[in-house]
Every structure is written in structure tokens, then in C-alpha cells.
Protein chains: 2
Amino acid sequence: MQISSRFSVAVHVLSLLALQQPGDALLTSERMAGSVNTNPVVIRRILGQLKKAGLVEVRPASGGTFLTRSPRAISLLEVYRAVEVVAEGQLFSVHDQPNPACPVGRHIQAALNATLQRAQAALEQQLAGVLLAQVTTDIQAKAAASS
Amino acid sequence: MQISSRFSVAVHVLSLLALQQPGDALLTSERMAGSVNTNPVVIRRILGQLKKAGLVEVRPASGGTFLTRSPRAISLLEVYRAVEVVAEGQLFSVHDQPNPACPVGRHIQAALNATLQRAQAALEQQLAGVLLAQVTTDIQAKAAASS
DNA sequence: CTTTATTGTAACTGATGTTGTTACAATGCG
DNA sequence: CGCATTGTAACAACATCAGTTACAATAAAG
């Protein structure tokens, strides 16, 4: 099973917000949905999660949406956590009722746990090491190169 | 979304096979299902995948099931790949039709790709570094300690 | 050669999660 | 006030998962 695209959509939306300039038209959920190519409600749901995580400020009605911090202070791990694509520490699911009468059944969970936690932590560390600013810089570089 | 428990069940089953002794009663799907605490068909489906990956030999009818290699020569990454919990290189799903008329839409996929691949590779490397033999040794150690 | 236990596989179910959609009340700017 | 927009609920369509029933194919044992 794949990790939900909520994560990539969230990074997309945050990139739009990070690159927004003072003079620009306000970024509404409709506009953002146009860039992501989805329904505005999908964007609003994700914005709700980013807001709950304290990453964005959404001013109701026609107030616009803004980052609460510099893109240099937002890691992709924070975004990943914000959109709850995976419950904390639960990337792998483990069969939960093995037979305790069998030595393997009794100990498999504990024997596997350390490895699964390490694997998950390794993935999260990679996300922690990338900042939103790096993504937007990369986007701008690619945009400049292709023009 | 979580990674399917097929992976942990497969490691459980392979541990049973690794710890099986010559004199023991044959490990049928029914017996293994008893240890995992699930339905025998679930076990047979997973055995089918492990067989396809060349990790086990299943002799039809009442012939028993065996590892084709030493547990020291089977990494958890091979098991992970065998049960196809995640299509190769596709742990993260990315929204696939961003708007090319927007600079962010046009470049977000490429900008994210390297990071997502690295994160996934970090996870897989951890699995590659653990052998089935380590799991069974750990199980035996825990079983000895609790007796 | 027949009996018997077992595997391999198809088909179906119920539960859950995702993405997209419609609908509409609440909000706050002009 | 009027209006664009947000926040949220409700629902549909779809996919995957885990469990189950059913049964033909297989091969070992007598």
C-alpha cells in the first residue's frame, strides 16, 4: 500500500504559499486546486491539517492563506506528520494476535519491532533533512532552466 | 496508510520454517495459520509469493514446506519485496496531473522525486541489513529468557 | 489403485482508507 | 448588506486488505 498523495499535495500547496509575492492575487483554495489539478475541497481539507499543525494561517472568508514561518524553517517531516499519512510509529502493520502457545508466535512482535522502528526512523530522517525552501529553490531553478 | 501485515506474517512464517527440525511434524498451512492466528488460505497465499520469489519450496499435497536457503542468506528486504506490499520505487504516491501552466505544478514532481526515492531507499537499506537468522536468534533468545 | 491430507486458486464478504463531489452554514471584507 | 471564500458534513466510487468457503489438483501412504 502506498503513502497517500496528501503528502505530495501538501508540499505542493506549501510551495505555492512560499513562492507567493506580496502583490499577487490571493491564493484561494480554488486557485491552489487549479495548480494541483484537484477539487478545492481536497485543498481545504489539507489546509485544515496544516493549520492544525501550525504551519499555515488561513484567514477565513477572503483573507488569504500564509505560511507562519520561513520555508527554511519547515522540514518535509513536519509536513508528513501534519497530514497524518501514517500514524506515529505505525508505518508497518503487524498481525496482532499471534498464538502465544508457540515460541515464534509469542516473540515475533518483539523480535520485529526494533527493526521496523529503525526502518521507519530512517525514512523519517531523510524527510527531516529536507526543508521546504530546498523544494522551492529547486522548483525555481528548474523553471529558470526550462525558460 | 500502513504497510500490509503480509510482511510481518511472511517473516513469521519464514521463522517457523527456519526453526523447523528434521524430526518435527510437517509444517502445513494449517499449522502455520495456528501460530499466526489466521486462516490457512492467508498463509498459502503468502507462501505462493515466497515461492515465486524463490525463498521457499512448497511440495504439493503432503510434502511439507522448506526454505531454499540458509536463514543467514535471507534479508528482510527480500521478504518485503517478495510479498509486494509496495510496488518497486512507489512507496509514496504523488498526485499525477499537476497543472503544467503553473511553475510549481510543472516542476513539483521532479523536485520531490529525489527526496522520496532517498527516503524509501533509507527504509529499504534498514531491512536489507537484517537477516532472517537474526530474527530467529532473537526469538530463541527471548524464548530461553522467558522459560 | 484407492484413500486421504494437503496445496493452489477462485470467488465472495466486510472493513477501511482515499479521492473527488455536492451542499451549505459561517465568516468577514468592501 | 452582498459576496466570495472557508470549514465541514455527507456521500459516491474505487482500491486494498484480511478472512472465509469451496473445490479441483496433487502426491504420499496403505
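A, B, ... follow the sequence lines: proteins, then strands. Residue 1 opens every chain.
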Exercise. Calculate the interatomic distance between A:L47 atom CG and D:dT6 atom C1'; express it in whole Å.
Key: 10 Å

Quiz prompt | Distance-only polar pair, side chains of B:S5 and A:H95, donor-acceptor under 3.5 Å | solution = no

Quiz prompt | hydrophobic_cluster_shared for B:L76 and B:L19, side chain cutoff 4.5 Å | solution = yes

Quiz item: In the 5'-to-3' direction, what one-character label does each nucleotide of nucleotides 12-19 of chain C receive under the scheme B = base within less than 4.0 Å of a protein heavy atom, S = sugar-phosphate only, - = no such atom?
Solution: -----SSS

Quiz item: Atom CD1 of B:I43 to atom P of D:dT21: distance rounded to whole Å?
Solution: 16 Å

Quiz item: Roughly how many Å is it from CG in A:N39 to P in C:dG20, rounded to a whole number?
Solution: 8 Å

Quiz item: Please give, in whole Å, the distance from D:dT8 C1' to A:I46 CD1?
Solution: 15 Å

Quiz item: Whole Å only: how far is the CG atom of A:D96 from the P atom of D:dC17?
Solution: 17 Å

Quiz item: Does B:Q117 CD have over 12 foreign heavy atoms under 6.0 Å away?
Solution: yes

Exercise. If a pair satisfies ring-ring contact (aromatic ring centres under 6.0 Å, His included) and one of its residues is in residues 68-92 of chain A, list it, with sequence neighbours excluded.
Key: A:F7-A:Y80, A:F92-B:F7

Self-check item: Residue-phosphate contact under 4.0 Å: A:K51 side-chain N/O, D:dG7 OP1/OP2
Solution: yes

Quiz prompt | Residue pair A:V86, B:Q2: steps toward the side-chain contact (heavy atoms from CB on, under 4.5 Å) verdict | solution = CA-CA 7 Å; A:V86 166; B:Q2 293 184 291; 5.7 Å; no

Quiz item: What parts of residues 23-35 of chain B reach DNA chain D, counting only heavy atoms under 4.0 Å away?
Solution: none

Practice problem: Could you name each residue pair satisfying salt bridge (charged side-chain N to carboxylate O under 4.0 Å, His left out) that touches residues 101-117 of chain B, not counting sequence neighbours? | Solution: none

Exercise. Starting at CD of B:Q109, measure out to OG of A:S8 and round the result to the nearest 0.5 Å.
Key: 8.5 Å

Exercise. Answer yes if B:L50 and B:V58 sit in the same cluster of Ile, Leu, Val, Met, Phe, Trp and Tyr residues linked by side chain heavy atoms under 4.5 Å apart, and no otherwise.
Key: yes

Quiz item: Under 6.0 Å from the CZ atom of B:R72, do we count more than 12 heavy atoms belonging to anything else shown?
Solution: no

Exercise. Round to the nearest Å and state the distance from B:Q90 atom CD to D:dA15 atom P.
Key: 17 Å

Quiz prompt | Separation of atom CG in B:N37 from atom C1' in D:dT20, rounded to whole Å | solution = 15 Å

Self-check item: Atom-pair distance (CZ on B:F7; P on D:dC17), nearest Å
Solution: 15 Å

Self-check item: Per-nucleotide protein contact string for nucleotides 22-30 of chain D, where B marks a base within reach and S marks sugar-phosphate only (heavy atoms under 4.0 Å, - for neither)
Solution: B---BB---

Quiz item: If you count the non-hydrogen atoms of other residues, nucleotides and ligands that lie under 6.0 Å from CD in A:E57, is the total more than 12?
Solution: yes

Practice problem: Sort and list the pairs that fulfil salt bridge (charged side-chain N to carboxylate O under 4.0 Å, His left out) and have at least one residue in residues 115-133 of chain A, not counting sequence neighbours. | Solution: A:R81-A:E124

